[in-house]
Amino acid sequence: MWPLFALVLGLLVGSFLNVVVHRLPRGESIVFPPSRCPHCGRRLGPMDLVPVLSYLALGGRCRYCHRPISPRYPLVEALTGGLFLLASLFYPPSLEALMVFAFLGLLVALAFIDLDTYELPDGLTYGLLFLGLFSALLLGFPLPFPQALDGALLAAGALGLIAGYGGLFLRRFREGRAEVPVGPHQVHMAALFGALLGPGVGMALAFLTWALSGRTGKAVVLPDRVTLPLLPLFLLLSPLLGGDFLEALKGALLAAGGLALAGGLYWALRPAPPETEEEPVAMGYGDVKLLGALGAWLGLYAFLGLFLGVFAGALLGLLLRQRKIPFGPYLALGGVVAFFFGETLWRAYMAWLGL
Ligand SMILES: [Zn+2]
């Protein structure tokens with residue numbers, strides 16, 4: 001009964017996610033008005049909205065104007081139904097299972113919105129992050145809270161730094177424009193000082209420059225050309241200075257992740273600027289926030305999710321010969337696989353290595 005219930009719930013949630021994917025990027029309400037055919041505008045009745053079945057019964061066409069309906073709709077419904085069914089095989093009926101359903105639903109919405117718009121809405125990435133942290137705090141699920149928090153910061157910090165190095169190479173080592181009051185510059189600085197002095201001090205110093213930038217209206221930051229090349233040097237030298245390489249790396253990633261997620265939240269909550277003002281691309285970092293959110297649910301297995309996502313994205317990018325591909329869907333896919341099968345995959349890999 002439970003798997004059947006999960007499947008039907010997933011189909012219904014998938015139907016709702018179609019609405020979210022369609023309307024959220026447009027800033028429309030997701031509860032009102034009721035669903036309409038995008039071609040003829042006719043309001044759809046209950047018989048038109050049965051997940052998957054309506055689409056099949058109507059032969060993929062609108063009942064009223066007979067124009068084709070995108071197969072995306074039944075696909076999202078079937079996918080969500082399938083994922084909920086999968087989750088029901090791992091988790092018995094419980095609050096934990098509901099949390100996993102929410103995790104999966106948010107990832108489906110994020111993946112398809114990114115496919116459509118090349119954006120990952122902050123409401124959903126931070127929703128996923130905070131739901132993971134709250135679940136860890138209240139239920140100790142899927143991870144104890146300290147591990148969930150560390151996972152989020154480490155994952156976001158790592159991808160934030162990868163983005164930093166990527167940007168520096170792409171700009172051929174020209175300095176990028178520093179954002180006021182907070183941007184990637186603070187993230188890179190936090191990493192540098194986090195490696196040297198521990199995550200707490202690294203974060204504190206970066207928050208200090210954030211505050212100073214906000215106060216003065218000018219970017220008070222160390223240049224990327226200084227912080228990013230020095231970071232690996234500090235990491236490699238840390239054993240010589242009586243430290244420990246892994247500890248220094250952890251300090252760097254935790255501090256960078258803290259700044260990346262806090263900075264992203266600042267830009268997400270900042271009131272929208274007037275339309276005339278030229279909108280700075282505030283941090284970007286959509287994938288960084290998504291991986292941070294996955295870290296709260298997966299801990300260190302988020303890195304396996306990242307690896308799987310890069311692999312799947314590169315493979316499909318080659319197959320489809322597409323130049324610009326959104327990374328969110330692959331990251332979401334990698335995250336789901338790592339969530340259910342991470343431990344199994346890791347054990348198989350270790351066995352393969354003979355460890
Ligand atoms: Zn129609």
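We number each residue from 1, following the sequence as shown. Values below: every heavy atom of this structure, side chains too, minus hydrogens, waters and symmetry copies.
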Taking C-beta and beyond as the side chain, do Pro229 and Pro232 meet within less than 4.5 Å on heavy atoms?
no

Where do Val21 and Val76 land on the side chain to side chain contact (heavy atoms under 4.5 Å, CB included) test, with the steps shown first?
CA-CA 10 Å; Val21 168; Val76 167; 5.7 Å; no

Sequence neighbours excluded, which residues qualify as ring-ring contact (aromatic ring centres under 6.0 Å, His included) partners of Tyr266?
Trp210

Could you check Thr80 against Leu11 for side chain to side chain contact (heavy atoms under 4.5 Å, CB included), going step by step and ending with a plain yes or no?
CA-CA 6 Å; Thr80 314; Leu11 290 170; over 6 Å; no

Taking a hydrophobic cluster as the set of Ile, Leu, Val, Met, Phe, Trp and Tyr residues connected by side-chain heavy atoms closer than 4.5 Å, whether directly or through intermediates, do Leu128 and Phe340 fall within one such cluster?
yes

Let me see the working for Phe141 and Tyr91 under ring-ring contact (aromatic ring centres under 6.0 Å, His included), right down to the final yes or no.
CA-CA 12 Å; Phe141 174 86; Tyr91 301 97; 5.5 Å; yes

Same apolar cluster (I L V M F W Y, side chains within < 4.5 Å links), Leu143/Leu291:
no

Single hit among Leu7, Leu79, Val8, Leu104 for side chain to side chain contact (heavy atoms under 4.5 Å, CB included) with Phe84:
Leu104

Under 4.0 Å between a side-chain nitrogen and a carboxylate oxygen: does that hold for Arg174 and Asp224?
no

May I ask you to check whether Tyr118 and Phe327 place their ring centres under 6.0 Å from each other?
no

Quick check on the hydrophobic clustering: are Val52 and Phe16 connected, directly or via other members, by side-chain heavy-atom contacts under 4.5 Å?
no

Exactly one candidate in Leu107, Leu129, Leu106 meets side chain to side chain contact (heavy atoms under 4.5 Å, CB included) with Leu290; the answer is Leu107

Identify the residue among Val221, Leu168, Val187, Leu222 that makes a side chain to side chain contact (heavy atoms under 4.5 Å, CB included) with Thr227.
Leu222

Are side-chain heavy atoms of Leu56 and Pro74 found at a separation under 4.5 Å?
no

Side chain to side chain contact (heavy atoms under 4.5 Å, CB included) with Ser29: which residues, sequence neighbours excluded?
Val31, Phe32

Going through the checks in order, is the side chain to side chain contact (heavy atoms under 4.5 Å, CB included) test met by Arg72 and Asp116?
CA-CA 11 Å; Arg72 257 268 297 267; Asp116 286 349; 3.0 Å; yes

Heavy atoms of Cys37 and Cys65 approach each other most closely as SG-SG, 3.9 Å

Salt bridge or not between Arg42 and Asp48? Use side-chain N to carboxylate O under 4.0 Å.
no

Mark yes or no for whether Asn18, through its side chain, and Tyr73, through its backbone, hold a donor-acceptor pair below 3.5 Å.
yes

Do you reckon Leu192 sits in the same ILVMFWY cluster as Leu197, going by side-chain contacts under 4.5 Å, direct or chained?
yes

Using a 6.0 Å cut-off, check whether atom CG of Leu44 has over 12 heavy atoms from anything other than its own residue.
yes

In terms of hydrophobic clusters joined by side-chain contacts under 4.5 Å, are Phe5 and Phe90 together?
yes

So which heavy atom on Ala6 is nearest to which on Ser88, and how close?
CB-CB, 3.5 Å

Aromatic ring pairing Phe130/Phe134, orientation class (parallel under 30°, perpendicular over 60°, tilted between):
tilted

Nearest heavy-atom pair of Leu231 and Ala195: which atoms, and what distance?
CD1-CB, 3.9 Å

Got more than 12 heavy atoms from elsewhere within 6.0 Å of CZ, Arg43?
no

Could you go through Tyr301 and Phe339, starting from their C-alpha distance and side-chain angles, then the distance that decides it, and tell me whether this counts as ring-ring contact (aromatic ring centres under 6.0 Å, His included)?
CA-CA 7 Å; Tyr301 282 111; Phe339 184 78; over 10 Å; no

Considering all heavy atoms, the nearest Asp114-Gly328 contact:
OD2-N, 2.7 Å

